[in-house]
Amino acid sequence: MFWSNYFIPTLKDTASEDAQVISNSLMLKSGMIRKNASGIYTWLPLGLRVLNKVENIVREEMNNAGAHEVLMPMVQPKDLWNESKRWDKFGPELLRFKDRHDRDFCLGPTHEEVITDLIKNNVKSYKELPLNIYQIQTKFRDEIRPRYGVMRSREFLMKDSYSFHLSEESLEETYQIMRNAYSKIFERIGLDFKIVKADSGAIGGDKSEEFHVLAENGEDTLAVSDKSDYAVNAELLLENGQDSKSLVGQESPDGNGLLEITKGIEVGHIFQLGKLYSENMNATVLDDSGKAKNMHMGCYGIGISRIVAAAIEQNFDDKGIIWPKSISPFDLNIITIGADKDKNIEASSRKLYKELTQKGFEVVLDDRDDGFGKKIKDSELIGVPVSIVFGKNFTDHKKVEIIFRNGEKVASALNEVEEII
RNA sequence: CGGGGUAUAGCGCAGUCUGGUAGCGCACUCGCUUUGGGAGCGAGUGGUCGUAGGUUCAAAUCCUACUACCCCGACCA
């Protein structure tokens, strides 16, 4: 990718009102996103690269966990939501509208209805279970107050999966598989996270746990034990109006250690739904004695777009974003300085670009007609882990300078570059 | 929905109190000089001041209504 032909509209400033939370400010400044309406964003090329990387890691781990990808409709008919009794229950967060025939529809905030309908019409025998189906798709929730950029937006990208089982034991087994897959996803991305017990909320069901990325700007307050791995969403321990600070120093409910308070961003949530939906929607299979049984269900969500913001909240400095390597939009940024003075610079930088690209690195070549200051500032802002500079030192001594995002600099001959990075 | 704000050039802002030729910085275009920490000089482009009404000789500025957006709260896989 040549920067001069690419579309990375970086900004020096954002409106003070948009700068309330660091990830939003940096995503706007680095040219990753632009706002279209409250809680609704366009993903620009740079942002989309990151979003796609997160998406692909999630997809790989879902496939490894034995889940199968589908794509369900975003537009859903009222009938289905009547079956689950949620058309009336869901409230104004469900964006409803009518088609030209005056029929009621909504934009899917989640897909329990669609998937349950699909499975009950196409799976008849216990022999076809367990089944774990997922999709990666845009969700719409008409939040009362969208905020913090893509962290709490109305339209967002989510991976949601749903599992179907004959028995509770089978559900428990898949639940654990998904729990492990989720842990692996956040480990692979390189985020500091915690699994906490949670309220299952409007979705309903028996058991649920949330995955939180730990960050000061998190919307949720977590209570964690200082001795054991006990962790819980603090709201579960609080009486009405009680301050979460009052939990600090209390004995952990698991009897092991004292509670501490930390802030988290909820990026994943896994549920054991039990038979809630299968009973409401009459989703059954025949068991080995030929009797119709309501299926046990689990559902598992990950906020793909929210992970991007959460990763920034956990990895930034005063210069900009510091991407974990796993989701950086580029591995390397090759910067040329004064290329029209020294024709060698253009030729050599393009040659290196080509070589590294062929070796599998994702490289951007900053060939813009600008000085060092602007280019390195942009490189730091967009958070690329490594910059390689062709400048004076190359003209004089045939050496490039390798600058890591942490500020370390190394002069290097061209044939040593690959080793150093 | 309650409370608090904001809306003027692509972006960031001043001007509004006290009505009188639409401003600044950045960006952008052209030229020349530059090119290792957001370059310099010169010349330019770009706005019916959120929308609709009203007051006035005259409205970005005063009045009324509306809309959008942001923050706090309630809410929230």
Side-chain angles (χ1 to χ4, degrees), chain A residues 9-21 24-25 28-29 31 34-40 86 90-94 108-112 139 141-149 151-154 156 158-162 182 196 198-205 207-212 219-220 233 235 240-241 265-273 276 298-303 306 319-320 335-342 345 366-381 387-396 399-403 407 409 411:
Chain A
T10 58
L11 303 171
K12 277 190 186 172
D13 302 296
T14 55
S16 51
E17 56 184 31
D18 287 322
Q20 302 292 335
V21 70
N24 189 224
S25 171
L28 289 165
K29 280 188 191 170
R34 286 294 182 266
K35 186 168 60 190
N36 181 34
S38 179
I40 300 178
R86 287 208 296 182
F90 213 91
E93 203 178 316
L94 183 66
T110 176
H111 283 69
E112 282 83 5
K139 295 283 187 282
R141 295 181 189 177
D142 200 359
E143 296 277 350
I144 291 178
R145 184 150 88 84
R147 61 180 135 181
Y148 306 149
M151 272 233 271
R152 178 170 294 285
S153 52
R154 293 193 290 172
F156 59 97
M158 184 181 199
K159 189 285 303 176
D160 48 326
S161 32
Y162 306 88
Y182 274 37
V196 307
D199 183 6
S200 47
I203 295 285
K207 178 177 177 185
S208 86
E209 292 171 290
E210 292 169 350
F211 286 72
H212 283 261
E219 284 193 279
D220 292 290
N233 196 317
E235 66 189 21
N240 256 353
I265 300 164
E266 184 192 340
V267 289
H269 201 154
I270 56 179
F271 296 84
Q272 292 189 12
L273 294 172
L276 186 69
C299 87
Y300 320 89
I302 280 192
R306 185 180 278 182
K319 294 172 178 168
I335 292 175
T336 61
I337 311 293
D340 47 339
K341 279 276 171 53
D342 179 356
I345 285 181
D366 190 349
D367 57 338
R368 294 175 297 174
D369 184 24
D370 284 301
F372 176 77
K374 178 173 177 166
K375 290 189 175 190
I376 195 71
K377 291 279 186 201
D378 273 346
S379 193
E380 287 162 344
L381 176 63
S387 302
I388 301 173
V389 184
F390 283 80
K392 265 187 187 141
N393 206 353
F394 186 78
T395 305
D396 298 343
K399 288 206 165 180
V400 293
E401 182 157 44
I402 299 175
I403 304 179
K409 301 179 183 184

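Numbers restart at 1 for each chain; the letters A, B, ... are given by sequence-line order, proteins then strands.
We find the CZ-OH distance between Arg306(A) and Tyr148(A) to be 11.5 Å, quoted to the nearest 0.5 Å.
For the pair Tyr148(A) and C72(B), the criterion of a side-chain N or O lying under 4.0 Å from OP1 or OP2 is met. For Ser38(A), no side-chain nitrogen or oxygen approaches OP1 or OP2 of A68(B) to under 4.0 Å. Put simply, Lys341(A) has a side-chain N or O that comes within less than 4.0 Å of OP1 or OP2 on U35(B). The phosphate of A74(B) (OP1 or OP2) has no side-chain N or O of Arg147(A) nearer than 4.0 angstrom. For C72(B), one of the phosphate oxygens OP1 or OP2 lies less than 4.0 angstrom from a side-chain nitrogen or oxygen of Arg145(A).
Lys375(A) places a side-chain N or O within donor-acceptor distance of the main-chain N or O of Arg368(A), the cut-off being under 3.5 Å. Looking at Thr336(A), its side chain never comes within 3.5 Å of a backbone N or O of Phe390(A) through a donor-acceptor pair. Judged purely by atom type and a 3.5 angstrom limit, Asp160(A) has no side-chain atom pairing as donor or acceptor with the backbone of Tyr162(A).
Side-chain N/O atoms of Lys12(A) and base N/O atoms of G10(B) include no donor-acceptor pair closer than 3.5 Å. A donor-acceptor contact under 3.5 angstrom links the side-chain atoms of Asp378(A) to the base of G38(B). Counting distance only, with no hydrogens placed and no angle test, the side-chain atoms of Glu380(A) and the base atoms of G38(B) include no donor-acceptor pair under 3.5 Å.
For the pair Ser208(A) and His269(A), the tightest heavy-atom approach, listed with the atom from each and the gap, is OG-NE2, 3.1 Å. Considering all non-hydrogen atoms of both residues, Cys299(A) and Glu112(A) come closest at SG-OE2, 3.5 Å.
Sequence order on RNA chain B of the closest nucleotides to Gly149(A) and Glu266(A) puts Gly149(A) first from the 5' end. Both Lys139(A) and Phe394(A) lie near RNA chain B, and the one whose nearest nucleotide falls closer to the 5' end is Phe394(A).
Taking Asp367(A) as the reference, nothing meets the salt bridge (charged side-chain N to carboxylate O under 4.0 Å, His left out) condition, with sequence neighbours excluded. With sequence neighbours excluded, no residue forms a side-chain hydrogen bond (donor to acceptor under 3.5 Å, both in side chains) with Glu380(A).
In this structure, Ile403(A) places its CD1 atom 9 Å from C1' of G37(B), rounding to the nearest Å. With rounding to whole Å, Asp369(A) atom CG is found 15 Å from U29(B) atom C1'. Lys29(A) places its NZ atom 16 Å from the C1' atom of A27(B), with the value rounded to the nearest Å. Note: NZ (Lys375(A)) to P (U34(B)) measures 18 Å, nearest angstrom. The interatomic distance linking Ile144(A) (CD1) with C76(B) (C1') rounds to 7 Å, in whole Å. If you measure from atom CD1 of Ile40(A) to atom P of A68(B), you get 12 Å, rounded to the nearest angstrom. When the C1' atom of U33(B) is taken as reference, atom CG of Asp340(A) falls 12 Å away, rounded to whole Å. One can place CG of Leu11(A) at 9 Å from P of C11(B), the figure rounded to the nearest angstrom.
Pair check for C32(B) finds G40(B); Watson-Crick or G-U wobble, both atom distances under 3.5 Å. If you check A7(B) for Watson-Crick or wobble pairing at under 3.5 angstrom, you find it paired to U67(B). When both pairing distances are held under 3.5 Å, G47(B) makes no Watson-Crick or G-U pair with any nucleotide shown. Under the Watson-Crick or G-U wobble criterion, with both distances below 3.5 Å, C57(B) is paired with G20(B). Shown here, A14(B) forms no base pair; nothing in the strands shown gives a Watson-Crick or G-U wobble contact with both key distances under 3.5 Å. Using the Watson-Crick or G-U wobble rule with both distances under 3.5 Å, G2(B) pairs with C72(B).
Among the heavy atoms of the strands lying under 4.0 Å from Gly371(A) is at least one base atom, whether or not backbone atoms are also near. Using a 4.0 Å heavy-atom cutoff across all strands shown, Ala37(A) reaches sugar-phosphate atoms only and no base atom.
Going from the C1' atom of C62(B) to that of C49(B) covers 16 Å, rounded to whole Å. Taking the C1' atoms as reference points, C11(B) lies 34 Å from G54(B), given to the whole Å. Comparing the same atom, C1', in C30(B) and in G4(B) gives a spacing of 47 Å after rounding to whole Å. G3(B) and U61(B) have their C1' atoms separated by 27 Å, with the value rounded to a whole Å. Comparing A22(B) with C17(B), their P atoms are spaced 16 Å from each other, to the whole Å. When the P atom is compared between G10(B) and G50(B), the two are found 13 Å apart, to the nearest whole Å. For the P atoms, the distance linking G47(B) with G38(B) amounts to 33 Å, nearest Å. Look at the C1' atom in both A68(B) and U29(B): the space between them is 32 Å, to the nearest Å.
With G12(B), G38(B), C76(B) as the candidates, the nucleotide lying closest to the side chain of Glu93(A) is C76(B). In this structure, the nucleotide among C76(B), C1(B), G37(B) sitting nearest to the side chain of Arg152(A) is C76(B).
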